[in-house]
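Here the structure is laid out as structure tokens; the discussion comes afterwards.
Residue numbering restarts at 1 for every chain, and letters A, B, ... go by the order of the sequence lines. Note that the coordinates shown come from a computational prediction; the quantities given were computed from them, not determined experimentally.
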There are 2 protein chains.
Amino acid sequence: MPAAAIAPTSDSRAKILDVAESLFARRGYAGVGLREVAQGVGLSKSSLFHHFPTKLDLYQEVLARVLERLEERCAPALHSRAPHAERLELLVDALVDGLAEHPTTARLALRSLFEEDEAAPHPARPAPYDATLARLIQGFQRLVSEGVAAGAFRPVSAGHLTQTLIGATVYHFASAELGEEILGAPIFSADQVAERKRQLVALLRSGIVRQPA
Amino acid sequence: MPAAAIAPTSDSRAKILDVAESLFARRGYAGVGLREVAQGVGLSKSSLFHHFPTKLDLYQEVLARVLERLEERCAPALHSRAPHAERLELLVDALVDGLAEHPTTARLALRSLFEEDEAAPHPARPAPYDATLARLIQGFQRLVSEGVAAGAFRPVSAGHLTQTLIGATVYHFASAELGEEILGAPIFSADQVAERKRQLVALLRSGIVRQPA
DNA sequence: GTCTATAGCTAGATAGAC
DNA sequence: GTCTATCTAGCTATAGAC
């Protein structure tokens, strides 16, 4: 493949992001030292600063990448023109698949919600990944609002249902050991991922969707 | 009140726990320094070590206290002998009230799930608060299982519904800024706390509870 | 029970050779 | 682009006076 390596992307950069993603997901921003990241990549600590000016920049790029991955997964469901009930099920499927794909995603996404203080001591920060997150959330909320307005869903609060949806998916795949203990099986196993979809879809069908018959 | 101060509980101890609770909830175990805790209490850093042998001990006592508070709130619902559907609603009410009471609770509980690595570098640790958490979770799961067995609930997976219940409550009250943005109102306001109960109970009634009529 | 002083270590970040 | 060496500042924890 001659034209394969057109955009080398520095190779080290990608490796650093991978290692940092795994570590930040496990121990959070403050819990990870750059020494550990460098060691995991096989570089010296100083070399990291050639690719990312500060630790905070590295963290934010990790988060941005993760959220963009998730958004890509959910986009088809959010832009579908299928009936609202079907769209909601497509979204649940996509969300569950997206979170199950990388075990780091749910933890990083969840942490990002209440680690902003941790990650940025100074109050003035726009946060580069916020836009992606906001787009995703707005997509959820619009789907619910439109469904309610169209009479496809019961007259629920779009905000509260969005929160429930996030909790039921993002929390679930971030719960790791506790979740495994509760389910009695690994939450990331193919069986349990499929079961998660089934249970959530069933709950939403009888709990939210208005039955036409 | 003459017999009021029988158990002084060292007074400083309680203050330290309060300050630490607030800080750990905001920035996590690794994100908080004992210097900051001491400063918040109005003591010197060294004095903390008189009350708690290590930082990890302090963290674990904070967590234990928070989980015990929550368990106390949920106990009546879990030990009730009312019909299963009613018990489930009592539990949602109690859980929401317990989490809304102190804004620190949900964040600390959520963090405790995936900060065990962070809080204890060495793998061998029993974790003193685990028993309380396990009791709570088992209570949730038993309620659901019994309700399904008795035919009061649809034949859902007890584990998955427990996970959904946790996500819908604990995540919600840990979501702070994002949650406020989604709801368009402060999540800890009396209005939104009451609305949270209503929305969850409504979802469970039509989604889980078998209608007898 | 609280303090000052300090030990011992690691953190993020920089300088500058190669 | 990667390295060694180093800076400064922070951390947990201890020693020992009061």
Side-chain angles (χ1 to χ4, degrees), chain A residues 5-63 111 115-122 125 127, chain B residues 5-24 26-63 111 115-122 124-125 127:
Chain A
I6 280 189
T9 316
S10 170
D11 200 52
S12 284
R13 238 190 103 88
K15 269 188 202 163
I16 294 170
L17 283 170
D18 287 343
V19 171
E21 179 178 324
S22 157
L23 288 171
F24 283 139
R26 283 210 295 268
R27 294 206 293 280
Y29 179 76
V32 173
L34 294 182
R35 182 179 161 272
E36 207 176 354
V37 176
Q39 187 172 304
V41 181
L43 284 181
S44 122
K45 201 175 53 163
S46 304
S47 298
L48 301 187
F49 289 96
H50 185 79
H51 299 280
F52 303 93
T54 71
K55 182 188 180 184
L56 184 57
D57 284 281
L58 171 58
Y59 179 70
Q60 291 180 334
E61 287 214 35
V62 165
L63 232 61
R111 281 186 191 278
E115 276 197 358
E116 307 216 350
D117 307 318
E118 202 167 332
H122 307 296
R125 73 242 115 80
Chain B
I6 279 188
T9 315
S10 169
D11 201 51
S12 284
R13 239 189 102 88
K15 268 188 203 164
I16 295 170
L17 283 170
D18 287 343
V19 172
E21 179 177 325
S22 156
L23 288 171
F24 282 139
R26 284 211 295 266
R27 293 206 293 281
Y29 179 77
V32 172
L34 294 182
R35 182 181 161 270
E36 207 177 354
V37 176
Q39 188 171 304
V41 181
L43 284 180
S44 123
K45 204 176 44 165
S46 305
S47 299
L48 301 188
F49 289 95
H50 184 80
H51 300 279
F52 304 93
T54 69
K55 182 189 181 183
L56 185 56
D57 284 280
L58 172 58
Y59 178 70
Q60 291 181 334
E61 286 215 35
V62 165
L63 232 61
R111 281 186 191 278
E115 276 197 358
E116 307 216 351
D117 306 317
E118 202 167 331
H122 307 296
R125 70 238 118 81

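- Between the C1' atom of dA13(C) and the CG atom of Asp57(A) lies a distance of 13 Å, rounded to the nearest Å.
- Of the candidate nucleotides dC3(C), dT12(D), dT2(D), dT12(D) has the atom nearest to the side chain of Phe49(B).
- The 5' end of DNA chain D is approached more closely, in terms of each residue's nearest nucleotide, by His50(A) than by the other of Lys45(B) and His50(A).
- Looking at heavy atoms from C-beta onward, Val19(A) lies out of side-chain contact with Lys15(A) at the 4.5 angstrom threshold.
- Checking the phosphate oxygens (OP1, OP2) of dT2(C), a side-chain nitrogen or oxygen of Ser12(B) falls inside 4.0 Å.
- The CZ atom of Phe49(A) sits 5.0 Å away from the CG atom of Leu34(A) when rounded to the nearest 0.5 Å.
- Note: His51(A) NE2 to Ile16(A) CD1 = 4.5 Å, rounded to the nearest 0.5 Å.
- Between Ala20(B) and Val62(B) the shortest heavy-atom distance is CB-CG2, 3.9 Å.
- Atom pair Leu58(A):CG and dA11(C):P shows a separation of 15 Å (rounding to whole Å applied).
- Note on Val41(B): nothing from the nucleic acid sits closer than 4.0 angstrom, heavy atoms only.
- For the pair Leu56(A) CG and dA11(C) C1', the computed distance is 15 Å after rounding to whole Å.
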Trace of the side chain to side chain contact (heavy atoms under 4.5 Å, CB included) decision for Tyr29(B) with Arg111(B): CA-CA 9 Å; Tyr29(B) 179 77; Arg111(B) 281 186 191 278; over 6 Å; no

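- Of the candidate nucleotides dC3(D), dA13(D), dA13(C), dC3(D) has the atom nearest to the side chain of Ser44(A).
- Whole-Å rounding puts the Leu23(B) CG to dT12(D) P distance at 12 Å.
- Put simply, CZ on Arg27(A) is 10 Å from P on dA11(C), counting in whole angstrom units.
- In this structure, CZ of Phe52(A) is placed 12 Å from P of dG1(D), rounded to the nearest angstrom.
- Of the candidate nucleotides dG12(C), dA15(D), dT2(C), dA15(D) has the atom nearest to the side chain of Ser46(B).
- Side chain of Leu34(B), nearest nucleotide from dC3(C), dT4(D), dA13(D): dA13(D).
- The distance from atom NZ of Lys55(A) to atom C1' of dG12(C) is 8 Å, rounded to the nearest whole Å.
- Side-chain proximity of Ser47(B) to dT2(D), dA5(D), dT2(C): nearest is dT2(C).
- Regarding Leu48(B), its CG atom lies at a distance of 10 Å from the P atom of dT12(D), rounded to whole Å.
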